[in-house]
Amino acid sequence: MLTEDLKSILNKEQFEAVTYGDGPLLVLAGAGSGKTRVLTYRYAYLVDCRYVPPYNILAITFTNKAAGEMKNRIISILGEGLGDTWIGTFHACCGRILRRHGDAIGYDSHFTIYAESESLETVRTALKHLDLDEKQYPPRMMRAIIGKYKDSMMTPEDVLREAGSYSERVNANVYREYQNILKSSNCMDFDDMILNVVKLFRENQNILDYYRSLFQYILVDEYQDTNRAQHRLVNMLAGRDGNLCVVGDDDQSIYSFRGADIDNILSFEKHHPGAKVIKLEQNYRSTGNILKIANDLIKKNSYRTGKRLWTSSGPGAKAVCRMAADHNEEAEFIAGEIKKRVAQGDASYSDFAVLYRINAVSTGIERVLTRMKIPYRVFGGMKFYDRKEIKDLVAYLRVLANPADEASLRRIINVPKRGIGDTTVDNISIVAGENGIPMFEVIRKIENYPILARSKEKLAGFRDLIVRLGVILADSPTLTEFVQQVIDVTGIALEYENDHTPEGDAKAENIREFLSVTRTFEEGLDEGYESAGAVFPEFLESVSLNTDLDSTGGDDDPDASRVTLTTIHSAKGLEFPVVFIAGLEDGVFPSNQSFEDRGSMDEERRLMYVAVTRAMSQLFLSSCSYRMLYGKTQGYKPSRFLRDIPAEDLELSNSGRGYFDYRPRQSYDFSSSYSDFESVRPLKATAPAPAKTSKPSPVTAAPVRDPASVFPRFISTPPASAATYLTDVEKGERVRHKKFGDGTVTKVEKADNGTVVEIVFDNAGMKRLILEYAKLQAL
DNA sequence: TATATAGTGTTTTTT
DNA sequence: ACACTATATA
């Protein structure tokens, strides 16, 4: 590969980013600006022109898919294999480090990785240990709280030390017990994988030094999505002046609810003084009209580096905005447009995507697509590994690899049913706790524990089953054969096969499908192997970390052309010729939970920006006057994001049946998104609900032409009650919020859009609210 | 221990 | 609307 060749393939900024020399480099890559191209070419350039061995480059992505694509593209650029690489997700790379060096922080190399549901089970166990009522401390909420602590890298001890209230102390205790259970089960959750590597490095300078010298170059993709721990990890490895190249787009940061911290990318230059910053603003995906809408939307956010996408291609078609009466009309409009274009022969179903903020919006659209015989696929439904029957099978495998794995043991101890009930399990757990040994050790030596005498036979049966499977593992020549034996010997598929229901058949089929997962894994191995046992741990790790949809199987024809239905979050990184953004109503998108503070409203706007920039040549936006959500039909107003788009950029498609005659404002009003917080409450559905039948009846659908409803934001909303809300507060003050409950003000700061108050709520954690809108009451 | 019933809570979810 | 879960009951 010659540098001259790169010049002809890449634009000026891309070229500069790819060939930049040593030291920190920040690439701000706008949507569709060739980010992946830069990453892959930079990797190839380092290898081919600067003679860096691939093994000395750490390339981190967020998804397995991205890692796989990156690797393949590099190989095709270089035209040769790379050998052993460090191209992987944060979790895959950390897993690899921990399998090797985890013993330095007290983990056995066969540790199990817990996903969401096992983690939740562990929280339940922790609550039980602490005698806490699940009603009072919902496991999901507790897990979320623990997640927040982990996001901010706090240990249970840190939480306890800083605990100001009783509930915070309870949180700390649950967190501590949760960690204790994980540790004694030789398990980690996803967050722990990152945190533990940070811990490993912090406590073992020699190990850190080893990896620092190993990774001569570090590339990180989607940097705007890193959380604090990941940021810390990268900085430990790269140092202040290391050869760290991060690529990302602050305008596409949409995962803050999972701990992603937009500051990591925005303050890169602060952390790495003298860093080179390159902006990629030329867009190769969308038409000019689409980019104009995207640019105009995102420029309303103030906390950003500021980029403006441009294209050398023409303006293309105008975006079409449909004001529909209800979700049925919206769905029919979408289906109709798709049908029409496919019939004309200039598009196939896979050219279309329907994007929405919340999954609940998809159901209405699915119904109509099905009725009109339009093939579609829904992204991000039930994942293969999330299915009960697969989890059961995996739990068997995990117990074999790591008998200390308590959540997995509990999962399978009575699957298939063998008469071991909750009481017995609780007793085992108590005995295990008293003796400080794993539950499986108790089962191994049932004779020693009189409490368990009654279920002795049954437990012995379970123990013998596990032991027998262990022998089979040692004897099986291949992984697939072994797993087949596990299925047969345990009989987990049998009970499904016997009940002869469609669901049972599907579950049995899924279990068989798991064998294609093992086969695929075996095919992917570079070399052959001696026995199932030799690759077993590696296989389990790939199962734990491969949570995406690639191997879901089941669905008949993967190549068939279908419309894609997906949330905007899952659509990030994808592109489609024709994109529909459905459900553009205030309270749906933006979500009504985002009205509380500016930070989340900005994130909603970034989400809208991501949605718009998925479209290549045609964008459709739709909004409903009435929508049924969670079983209730309510009136809604058009999304503020719709109303923020200048009128001249939209072509209206109005059936005349919508209750609002939507007219976007002519001139751009920067304050609009915040000026009408008072009117965000959905309208009460006093008007006749939309017709239940799929064809809206023309009688009930008479449009309302009352000017007040045409421009609802000009209605002066009377105060909800006589209650007075605080207009100024000070640090330390106790306040009450209608949703978050009571809390203490920890910070007050003036911003151009109002007064930002930071409040630590007793039960809801820390929130930043805009005082003017937060409706706080004094206590 | 298995099944019926009432009650609940629903933003987004790369690993 | 709907799915999941805690509880009551046989």
Side-chain angles (χ1 to χ4, degrees), chain A residues 60-69 88-95 113-120 124 133-135 138-141 143-144 147 150 188-194 221-222 224-227 229-230 252-260 327 355-364 366-367 379-383 385-386 388 414 417-424 455 458 541-550 566-574 583 587-596 600 603-604 606-608 610-611 627-633 692:
Chain A
I60 303 179
T61 62
F62 268 84
T63 66
N64 295 302
K65 194 169 148 231
E69 276 169 13
T89 63
F90 266 104
H91 294 84
C93 295
C94 287
I113 300 160
Y114 277 178
E116 201 74 14
S117 67
E118 293 95 2
S119 166
L120 208 58
R124 287 212 168 86
D133 185 9
E134 288 195 10
K135 273 256 170 60
R140 292 173 68 90
M141 187 182 89
R143 175 55 253 220
K150 290 191 172 188
M188 299 181 196
D189 63 21
F190 282 133
D191 299 329
D192 286 339
M193 296 186 72
I194 317 290
D221 192 12
E222 306 278 17
Q224 76 284 351
D225 290 336
T226 50
N227 65 21
Q230 290 160 337
Q252 293 187 69
S253 167
I254 55 173
Y255 280 103
S256 75
F257 66 95
R258 286 181 65 118
H327 55 275
L355 312 185
Y356 34 80
R357 171 71 239 258
I358 49 174
N359 282 307
V361 167
S362 80
T363 50
E366 286 186 63
R367 232 194 339 264
F379 249 48
M382 184 64 146
K383 296 196 177 103
Y385 292 115
D386 276 346
K388 180 191 176 298
N414 200 30
K417 303 208 167 53
R418 50 175 75 89
I420 301 174
D422 290 345
T423 325
T424 304
S455 34
K458 287 162 179 164
E541 170 135 343
S542 87
V543 167
S544 299
L545 296 181
N546 267 295
T547 52
D548 47 33
L549 309 124
D550 46 12
T566 172
T567 63
I568 299 163
H569 281 91
S570 308
K572 197 173 80 162
L574 306 177
V588 177
F589 187 18
S591 149
N592 52 24
Q593 276 151 99
S594 63
F595 295 128
E596 298 291 348
S600 34
E603 179 139 323
E604 296 288 307
R606 291 194 289 267
L607 206 46
M608 181 67 182
V610 168
R627 171 181 297 283
M628 181 161 69
L629 221 48
Y630 309 126
K632 278 205 296 281
T633 299
K692 288 233 163 52

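Predicted model, so just to flag it, every value in this text is computed and none were measured. Each chain gets a letter, A, B and so on, in the order its sequence line appears, and its residues count up from 1.
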>> Tell me if the aromatic rings of A:Phe257 and A:His569 count as close, with their centers under 6.0 Å from one another.
In response: yes

> Who passes ring-ring contact (aromatic ring centres under 6.0 Å, His included) against A:Phe190, sequence neighbours left out?
Replying inline: A:His91

>> Heavy atoms only, 4.0 Å cut-off, all strands: where does A:Gly419 land among base, sugar-phosphate and nothing?
In response: sugar-phosphate

> Taking only side-chain nitrogens and oxygens of A:Asn546, does any of them come within less than 4.0 Å of OP1 or OP2 of B:dT15?
Replying inline: no

>> A:Lys632: which residues meet the side-chain contact (heavy atoms from CB on, under 4.5 Å) condition with it, sequence neighbours left out?
In response: none

> How many Å lie between CZ on A:Phe62 and C1' on B:dT14, as a whole number?
Replying inline: 8 Å

> side-chain hydrogen bond (donor to acceptor under 3.5 Å, both in side chains) with A:Tyr356: which residues, sequence neighbours excluded?
Replying inline: none

>> Regarding A:Lys417, tell me which of base, sugar-phosphate or nothing describes its non-hydrogen contacts under 4.0 Å with the strands shown.
In response: sugar-phosphate

>> Under 4.0 Å from a heavy atom of chain A: give me the 5'-most and 3'-most nucleotides of DNA chain C that qualify.
In response: C:dA1 to C:dT7

> If each of A:Lys458 and A:Ala92 is mapped to the nucleotide of DNA chain B with the nearest heavy atom, which maps nearer the 5' terminus, i.e. the 5' end?
Replying inline: A:Lys458

>> List the residues meeting side-chain contact (heavy atoms from CB on, under 4.5 Å) with A:Ala571, not counting sequence neighbours, and say none if there are none.
In response: A:Leu355, A:Thr566, A:Arg614

>> Just to verify, what does A:Glu134 make a salt bridge (charged side-chain N to carboxylate O under 4.0 Å, His left out) with, not counting sequence neighbours?
In response: A:Arg124

> Quick one: what's the B/S/- string for nucleotides 7-13 of chain B, heavy-atom cutoff under 4.0 Å, read 5' to 3'?
Replying inline: ---BBBB

>> In whole Å, I'd like the distance from the CD atom of A:Glu222 to the P atom of B:dT15.
In response: 12 Å

> With sugar-phosphate meaning primed atoms plus P, OP1 and OP2, does A:Glu134 contact a base, only sugar-phosphate, or nothing at under 4.0 Å between heavy atoms?
Replying inline: sugar-phosphate

>> Can you list everything that forms a side-chain contact (heavy atoms from CB on, under 4.5 Å) with A:Asp133? Sequence neighbours excluded, please.
In response: A:Lys135, A:Gln136

>> Which residues pass the ring-ring contact (aromatic ring centres under 6.0 Å, His included) test with A:Tyr114, not counting sequence neighbours?
In response: none

